[in-house]
Amino acid sequence: MSITENIKKYREELGDQVTLVAISKTKPESDIIEAYNAGQRIFGENKIQEMTDKWESLPKDIQWHMVGHVQRNKVKYMAPFVKLIHAVDSLKLLKEINKEGKKNERVIDCLIQIKIAEEESKFGISADEAREILKSDAYSGFQHVKVTGLMGMATFTDDMEQVKKEFLKLKGVFDDLKKDFEGIEILSMGMSGDYKVAIECGSNMVRIGSSIFGER
Ligand SMILES: *Cc1c(COP(=O)(O)O)cnc(C)c1O
C-alpha cells in the first residue's frame with residue numbers, strides 16, 4: 001500500500017481517541033509531504049539534527065515530536081518549535097528544556113519515559129523516580145516545561161502476552177500519576193508491531209513508522 005493509503009487506513013482505524021504520530025525518521029521529505037497531503041500533521045523523529053532540517057524546509061503547520069533519547073546540549077536546536085518531547089528521563093533534562101523554553105518564550109510539553117521492557121538497552125526511569133520528579137520543588141518552579149504524560153516501549157518480542165503485561169504495567173503507572181498530578185493526559189505507547197495491544201491496554205497516542213513509510 002502507498003503512504004497515502006496507509007495514513008488513511010490508520011486515521012480511520014484510530015479515530016479521534018488515539019493520536020497518530022507518524023514516525024518519519026530516516027525517510028525523505030517527499031514521503032512526509034505525501035503523508036501531509038493525506039491529512040497527517042503530526043510527525044516524529046528520533047534525531048534532533050534531522051528533525052530540525054525537516055522542520056526548516058517543510059510546511060510550518062506540521063507538529064514535530066521528538067521520540068528519541070535527548071542529549072541536553074542539543075535541546076536548544078529544537079526548543080523553538082518542538083511540539084512534544086517523548087523521552088524525558090531526568091530532572092536535569094527537564095531543567096535544560098525549561099531553560100530553552102524560557103529563551104523561546106514558550107512552554108514545552110514533555111512525556112516522561114518509563115522503563116517497562118526487560119531488555120537492558122531500553123531507556124527510561126521507574127514509576128517512583130517519575131513521581132519524585134513531579135513532586136519536586138525544582139519541577140514546580142519550572143514555568144517553561146510541562147509534563148503532560150508518559151511514554152514507554154515494550155520489549156521487542158513476538159510474545160504478545162509479554163508485551164501486554166508491560167503495557168498494562170505502564171497504564172497502571174499512568175493512572176496512579178494522573179490521580180495525583182494535574183495535566184497528565186497522554187499515554188504514548190505502541191509502535192507498528194504492537195499498537196493494537198497498546199490500544200487495548202489504554203494507549204491514547206501511538207508512534208507508527210515502518211508500517212506507514214516502509215522498512216527503514
Ligand atoms: C522508530 C520508533 C518508532 C516507530 O517504530 P516502527 O516499528 O517503525 O513503527 C516508535 N517509537 C520510537 C521511540 C522510535 O524510535
Side-chain angles (χ1 to χ4, degrees), residues 1-3 5-11 13-14 18-29 31-32 34-35 38 40-55 62-71 74-75 78 82-90 93 97 109-125 130 147-160 162-164 166-167 170-171 174 186-216:
M1 292 216 297
S2 69
I3 292 171
E5 288 168 322
N6 289 334
I7 291 289
K8 293 206 162 128
K9 177 194 107 150
Y10 276 110
R11 291 170 71 84
E13 184 181 343
L14 300 176
V18 180
T19 302
L20 172 63
V21 183
I23 305 294
S24 49
K25 62 191 186 196
T26 77
K27 297 295 177 182
E29 291 176 0
D31 284 4
I32 298 175
E34 185 176 344
Q40 183 64 22
R41 290 294 179 273
I42 306 176
F43 293 88
E45 293 281 333
N46 71 339
K47 296 214 164 62
I48 293 173
Q49 178 69 57
E50 183 177 343
M51 181 172 77
T52 304
D53 289 346
K54 287 173 173 172
W55 166 68
I62 289 179
Q63 299 177 12
W64 292 101
H65 288 203
M66 172 45 54
V67 301
H69 186 66
V70 175
Q71 286 174 282
K74 293 194 179 148
V75 171
M78 64 175 167
V82 67
K83 178 74 178 170
L84 184 64
I85 301 175
H86 285 237
V88 170
D89 59 359
S90 71
L93 179 56
I97 297 167
D109 288 350
C110 295
L111 307 178
I112 291 181
Q113 183 173 3
I114 304 290
K115 181 175 154 61
I116 49 172
E118 281 174 357
E119 297 157 295
E120 265 315 306
S121 63
K122 293 285 195 295
F123 292 106
I125 60 178
V147 174
T148 57
L150 303 179
M151 179 272 224
M153 288 170 87
T155 302
F156 190 69
T157 171
D158 290 335
D159 178 359
M160 283 300 144
Q162 169 80 19
V163 169
K164 188 170 176 179
E166 294 172 0
F167 282 154
L170 181 56
K171 175 64 160 63
F174 175 73
I186 299 173
L187 181 54
S188 165
M189 60 181 194
M191 320 193 343
S192 293
D194 57 19
Y195 77 95
K196 285 200 170 114
V197 185
I199 292 168
E200 262 176 49
C201 295
S203 168
N204 57 24
M205 181 175 279
V206 293
R207 309 176 310 270
I208 299 190
S210 49
S211 64
I212 293 172
F213 296 107
E215 293 302 323
R216 288 178 296 272

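Positions are given from 1, in the same order as the sequence printed here. Hydrogens, waters and symmetry mates play no part in the numbers below; they use all other heavy atoms, side chains included. As the structure lists them, so they are numbered: ligands from 1, and atoms in each ligand from 1.
S211 places no side-chain N or O within 3.5 Å of a backbone atom of S192 that could act as its donor or acceptor partner. With hydrogens and angles disregarded, a donor-acceptor distance shorter than 3.5 Å links the side chain of S2 to the backbone of E5. When atom types are taken as modelled, the side chain of Q40 and the backbone of I42 share a donor-acceptor pair closer than 3.5 angstrom.
Counted within 6.0 Å of CG on D159, heavy atoms from surrounding residues, nucleotides or ligands total more than 12; the atom is thus considered enclosed. The environment of K196 atom NZ is sparse: at most 12 non-hydrogen atoms of other residues, nucleotides or ligands sit within 6.0 angstrom.
In this structure, ligand 1 sits under 4.0 Å from heavy atoms belonging to I23, K25, V67, M151, M153, M191, S192, R207, I208, G209, S210, R216.
Under the rule for a salt bridge (charged side-chain N to carboxylate O under 4.0 Å, His left out), the partners of E50 that lie at least two apart in sequence or sit in another chain are K54.
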